[in-house]
Amino acid sequence: MSAPEMRTTQLTQTRETQSFYKRVVARLERHAAKLLAAGDMAEIPDRNVRVAIAYACLEPTVTEATARLYRAAILHLIESEPGERDWDVLKIIDPEPSASESDRQDELRARRAQNLQTLRGAQQKAKWLSMADWTRLGEALGRSRSNWAGPARHWITATLLSGLRPCEWRRAELDGASLVVVNAKATNGRAHSATRTIGLAKCDRTELAVVASFLELVRSYGEDGYKSLYDGVRDLICDVARETFPGRDRYPSLYTARHCFAARAKATYSKVEVAALMGHASTATAGRSYAPARHARGGRPLEAEPSANDIDAVRRAQNARNLFSEPKDMP
DNA sequence: CAGAAGGAGGATGACGCGAG
DNA sequence: CTCGCGTCATCCTCCTTCTG
């Protein structure tokens, strides 16, 4: 058969994403093996069809976001390792709109509602934590005898001040009172520029010292040690948060600190300035995905300051989009 | 035995964009 | 303005092993 037309957009995936997709496919294959062992699936020689059937089986047990990831992984499988029956695979993962398909979607929603009663994975991440609770968490970490307790407290404090994503500390550098960060999530025009510069001159000396010593700590772990540092700190915060705030359904993590930073940024700055601080190309992102400003209203304004260059970069990205999408608005 | 480290496995959030 | 898409980053649990 000829290669089916399955994409409407151009692919821009990185090698990391492709190897990630391979792992997802491996997971689907394992599920197919389970189905076969349980007698719930006939023996199917075509690997791609096996994977698609496993997908169809898992679809009602995961959220739409996860199902979408599974579909992306299967499309990558079809493109990198085409099979004889890929047309059938496409029919399974991307059915034609029809009356029966619409019924199927309704049933899918109902089964998902049934299956997804508890928060799973990243859903348990709190998008806001009060300063009082951060203090409680910090004190609890202080009582921990874990080697990661010190790094965890520094990491949280440094993130509340600067808003960096956890992965961004690896390549961040302090230049006087400016933090220079290589923006993550920078492919597909998602970051305003390659780096962003966060001014920390308004922070007091002890806060700046925490950022500096945390960066030293990150350096001391080196490129290869970053993962173990991150794993250790994240797991410790996970454990301590659950001991400290029993009964909640969402718990603070390192990314929660970025949310809190975003809320204070929104309460302090304009949308363009917030995007510059967070590394976003679009001013809409902070509004859509991050904690609302009302959480931070009445609190101290943010110490961190966006750089003029980054603000310009966000404006340019914004203008470039407007030129293409709304030409009639031009004078 | 409790707490912690390490690793494997599984899931969802957060990005910008284009279509409707 | 909303939603789905392709992509990249983060979250979590479970299990085993180590250590005091």
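Throughout, protein chains are lettered first and strands after them, A, B, ... in sequence-line order, and every chain is numbered starting at 1.
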TODO: For L236(A) and dG3(B), give me the distance from atom CG to atom P, rounded to whole Å.
DONE: 13 Å
- [ ] Taking only the side-chain nitrogens and oxygens of K127(A), find out if one of them lies under 4.0 Å from OP1 or OP2 of dA14(B).
- [x] yes
TODO: Would you kindly compare E243(A) and V62(A) by the position of their nearest DNA chain B nucleotide and give the one closer to the 5′ end?
DONE: E243(A)
- [ ] Calculate the interatomic distance between R68(A) atom CZ and dC17(B) atom C1'; express it in whole Å.
- [x] 13 Å
TODO: Please state whether the base of dG6(C) and the side chain of R71(A) form at least one donor-acceptor pair under 3.5 Å?
DONE: no
Open item on the list: If you assign A26(A) and K125(A) each to the DNA chain B nucleotide with the nearest heavy atom, which residue ends up on the more 5' nucleotide?
Closed with: A26(A)
TODO: Classify the side-chain pair S307(A)/N309(A) by whether it contains a donor and acceptor separated by less than 3.5 Å.
DONE: no
Open item on the list: On the nucleotide dC15(B), are OP1 or OP2 found under 4.0 Å from the side-chain N or O atoms that Y255(A) carries?
Closed with: yes
Task: d(NE2, H259(A); C1', dT12(B)) in whole Å - done: 12 Å
Open item on the list: Students often get this wrong, so: under 4.0 angstrom with heavy atoms, is L69(A) touching a base, only sugar-phosphate, or nothing?
Closed with: base
- [ ] Please determine if a side-chain N or O atom of S144(A) lies less than 4.0 Å away from the OP1 or OP2 oxygen of dA4(B).
- [x] yes
Open item on the list: Please classify the nucleic acid contact of H192(A) as base, sugar-phosphate, or nothing, using heavy-atom distances under 4.0 Å.
Closed with: nothing
Task: Sugar-phosphate, base or nothing in reach of R258(A), heavy atoms under 4.0 Å - done: sugar-phosphate
TODO: Kindly say if R190(A) contacts the phosphate of dG6(C), meaning a side-chain N or O under 4.0 Å from OP1 or OP2.
DONE: no
Open item on the list: Without decimals, in angstroms, what is the distance between E168(A) CD and dC15(B) P?
Closed with: 9 Å
Open item on the list: Between C1' on dT12(B) and CZ on R250(A), what's the gap in Å once rounded to a whole number?
Closed with: 11 Å
- [ ] Output yes when at least one side-chain N/O atom of R165(A) is less than 4.0 Å from OP1 or OP2 of dA14(B), else no.
- [x] no
Open item on the list: Does a side-chain N or O of W148(A) approach OP1 or OP2 of dA5(B) to a distance below 4.0 Å, or not?
Closed with: yes
Open item on the list: Between P on dA11(B) and OH on Y55(A), what's the gap in Å once rounded to a whole number?
Closed with: 13 Å
Task: Under 4.0 angstrom between Y70(A) side-chain N/O and dC5(C) OP1 or OP2 - done: no
Open item on the list: Check this one for me: any side-chain N or O of Y290(A) less than 4.0 Å away from OP1 or OP2 of dG13(B)?
Closed with: no
Open item on the list: Check this for me, if you would: do R165(A) and E168(A) make a salt bridge, where the nitrogen-to-carboxylate-oxygen distance has to be below 4.0 angstrom?
Closed with: yes
- [ ] May I ask you to evaluate whether S146(A) reaches the phosphate of dA5(B), defined as a side-chain N or O under 4.0 Å from OP1 or OP2?
- [x] yes
TODO: Would you kindly give the CD1-to-C1' distance between I237(A) and dC11(C), to the nearest whole Å?
DONE: 12 Å
- [ ] Would you sort out whether E29(A) and R50(A) count as a side-chain contact (heavy atoms from CB on, under 4.5 Å), showing the intermediate values?
- [x] CA-CA 7 Å; E29(A) 277 213 281; R50(A) 268 202 313 273; 3.3 Å; yes
Task: Phosphate contact (dC11(C) OP1 or OP2) by Y251(A) side-chain N/O below 4.0 Å - done: no
TODO: Would you tell me if any nitrogen or oxygen in the side chain of H280(A) comes within less than 4.0 Å of OP1 or OP2 on dA14(B)?
DONE: no
TODO: Go through the steps to decide whether Y230(A) and W155(A) satisfy the test ring-ring contact (aromatic ring centres under 6.0 Å, His included), and finish with yes or no.
DONE: CA-CA 10 Å; Y230(A) 183 22; W155(A) 202 325; 5.5 Å; yes
Task: Aromatic Y55(A) / basic R71(A) pairing, under 6.0 angstrom, 45° off normal - done: no
TODO: Quickly work out the D239(A) CG to dA5(B) P distance and round it to whole Å.
DONE: 9 Å
Task: NZ/NE/NH1/NH2 to OD/OE distance under 4.0 Å, D239(A) and R242(A) - done: no
Task: Nucleotide of dC11(C), dT13(C), dG6(C) approaching Y21(A) most closely (side-chain heavy atoms) - done: dG6(C)
TODO: Have a look at S289(A) and say if it touches a base, only the backbone sugar-phosphate, or nothing, with a 4.0 Å heavy-atom cut-off.
DONE: sugar-phosphate
Open item on the list: Listing request: all ring pair (Phe, Tyr, Trp, His ring centres under 6.0 Å) pairs with a residue in residues 293-313 of chain A, at least two apart in sequence or in separate chains.
Closed with: W128(A)-H295(A)
